[in-house]
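Okay, structure first, notes after.
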Amino acid sequence: MLVSGTGSNLRAILDATASPDFPAVVAAVATNRTTCPGLAVARAADLPTRSFPASTFSGDLEARDQAVASWLLSEGVSLLALAGYDRILTRPLLRAFPGRILNLHNSLLPAFAGTMHAVQEALNHGVKLTGCTVHLVDEDYLDGGPIVMQAAVPVEDNDTVETLLQRIHEQEWQLFPRAIALLARGELRVEGRRVFRAGRGQ
Ligand code: GRF
């Protein structure tokens with residue numbers, strides 16, 4: 001997993017993977033930050049962790065992502081989950097895990113794509129419904145890969161960013177492990193922009 005923030009989704013995934021029938025384990029956790037609370041969550045779970053700040057690579061983001069990819073592969077990672085990772089992946093990482101990268105975004109994409117402030121922007125815009133999205137990460141455009149799952153969260157009149165984000169998080173903690181499990185089990189079929197459960201759809 002890649003994290004940059006608080007790591008509440010990492011925690012939810014760790015809880016999910018504790019179930020014996022979950023088809024994946026968290027093998028390693030990397031961050032672009034020198035440190036972040038999500039890294040502390042990973043360390044507390046005795047997971048291999050590593051920090052890859054761009055400054056270590058003189059700002060060369062492809063060199064950074066090549067190092068991230070090499071380390072993840074050396075740790076046996078075969079599926080990459082981005083949980084609050086606040087950097088755009090460059091080609092070395094995208095190409096190390098083709099069709100095997102999932103991102104979580106706290107809006108109903110394609111609304112409020114490309115921002116780490118999607119909840120604030122949803123409130124500013126006055127939408128009545130927002131939520132969260134898990135999508136495959138490809139090279140096309142930011143937050144634009146094929147959508148795997150979404151959950152809707154109604155906006156209440158008295159919502160603040162904090163209260164709305166809390167309810168979105170509660171959906172994310174369910175949704176992301178379910179999407180990871182489907183990809184890990186090989187139960188996703190991608191046709192263009194549409195993602196189906198294998199054996200379902202057209
Ligand atoms: C999540 O709301 C996710 O949708 C967004 O960043 C947030 C990460 O939260 N991309 P956490 O670090 O997992 O608590």
Side-chain angles (χ1 to χ4, degrees), residues 1-18 22 24-45 47 49-53 68 79-89 93-94 97 101-125 127 129-138 141-156 159-183 195:
M1 294 189 54
L2 297 185
V3 298
S4 305
T6 59
S8 73
N9 283 283
L10 168 59
R11 211 185 290 273
I13 289 162
L14 287 170
D15 288 347
T17 58
F22 197 87
V25 294
V26 181
V29 177
T31 180
N32 57 314
R33 301 289 178 95
T34 47
T35 186
C36 67
L39 213 55
V41 171
R43 289 204 182 107
L47 293 169
T49 62
R50 194 164 287 186
S51 178
F52 295 87
V68 174
L79 188 166
L80 190 52
L82 314 183
Y85 189 63
D86 64 4
R87 286 295 171 268
I88 298 169
L89 304 193
L93 250 179
L94 292 164
F97 301 98
I101 307 177
L102 290 172
N103 183 44
L104 176 67
H105 189 68
N106 47 25
S107 74
L108 289 177
L109 290 171
F112 312 115
T115 173
M116 294 301 285
H117 306 287
V119 179
Q120 178 74 67
E121 290 189 18
L123 278 178
N124 293 350
H125 200 85
V127 296
L129 199 62
T130 184
C132 49
T133 302
V134 179
H135 65 93
L136 288 159
V137 178
D138 56 26
Y141 53 100
L142 190 57
D143 292 330
I147 291 171
V148 176
M149 282 184 166
Q150 294 185 299
V153 176
V155 179
E156 307 293 345
D159 262 332
T160 62
V161 171
E162 290 71 29
T163 60
L164 183 53
L165 179 59
Q166 175 62 27
R167 294 204 309 287
I168 292 173
H169 268 325
E170 286 163 11
Q171 294 299 317
E172 290 183 329
W173 299 333
Q174 308 291 322
L175 199 71
F176 207 16
R178 282 170 47 209
I180 290 168
L182 288 174
L183 184 58
V195 181

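Any value given below was found using the heavy atoms of this structure, including those in side chains, with hydrogens, waters and symmetry copies removed. Everything numeric in this text was worked out from a predicted model, so none of it was measured. Start at 1 and go down the list; that is how both ligands and their atoms are numbered.
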- prompt: Is a side-chain donor-acceptor pair under 3.5 Å present for Gln166 with Glu170?
  reply: yes

- request: Flag yes if more than 12 heavy atoms outside Arg167 fall under 6.0 Å of its CZ atom; otherwise flag no.
  value: yes

message: Can you report which non-hydrogen protein atom sits closest to atom 6 (O) of ligand 1, along with the distance?
response: Gly84 CA, 3.4 Å

Leu182 side chain reached by Met149 side chain, heavy atoms, under 4.5 Å: yes

statement: The answer for which part of Glu172 has a heavy atom under 4.0 Å from ligand 1 is side chain

- request: Considering only non-hydrogen protein atoms, determine which one is nearest to atom 12 (O) of ligand 1 and report residue, atom name and distance to 0.1 Å.
  value: Gly7 N, 2.8 Å

- prompt: For atom 10 (N) of ligand 1, what's the nearest protein heavy atom and its distance?
  reply: Leu104 O, 2.9 Å

field: For His105, atoms of ligand 1 separated by under 4.0 Å from a heavy atom
entry: 4 (O)

message: Can you confirm whether Leu123 sits close enough to Leu164 that some side-chain heavy atom of one is under 4.5 Å from a side-chain heavy atom of the other?
response: yes

task: Using a strict 4.0 Å cut-off to heavy atoms of Thr6, name the atoms of ligand 1 that fall inside it.
output: 11 (P), 12 (O), 14 (O)

- request: Name the closest protein heavy atom to atom 9 (O) of ligand 1, giving the residue it belongs to and the distance to 0.1 Å.
  value: His169 CE1, 3.4 Å

- prompt: Please state which protein non-hydrogen atom is closest to atom 5 (C) of ligand 1 and give its distance, to 0.1 Å?
  reply: Asn106 ND2, 3.7 Å

query: Is a side-chain N or O of His105 found less than 3.5 angstrom from the main chain of Phe112, in a donor-acceptor match?
result: yes

field: Student check: side-chain heavy atoms of Arg33 and Leu39 closer than 4.5 Å
entry: no

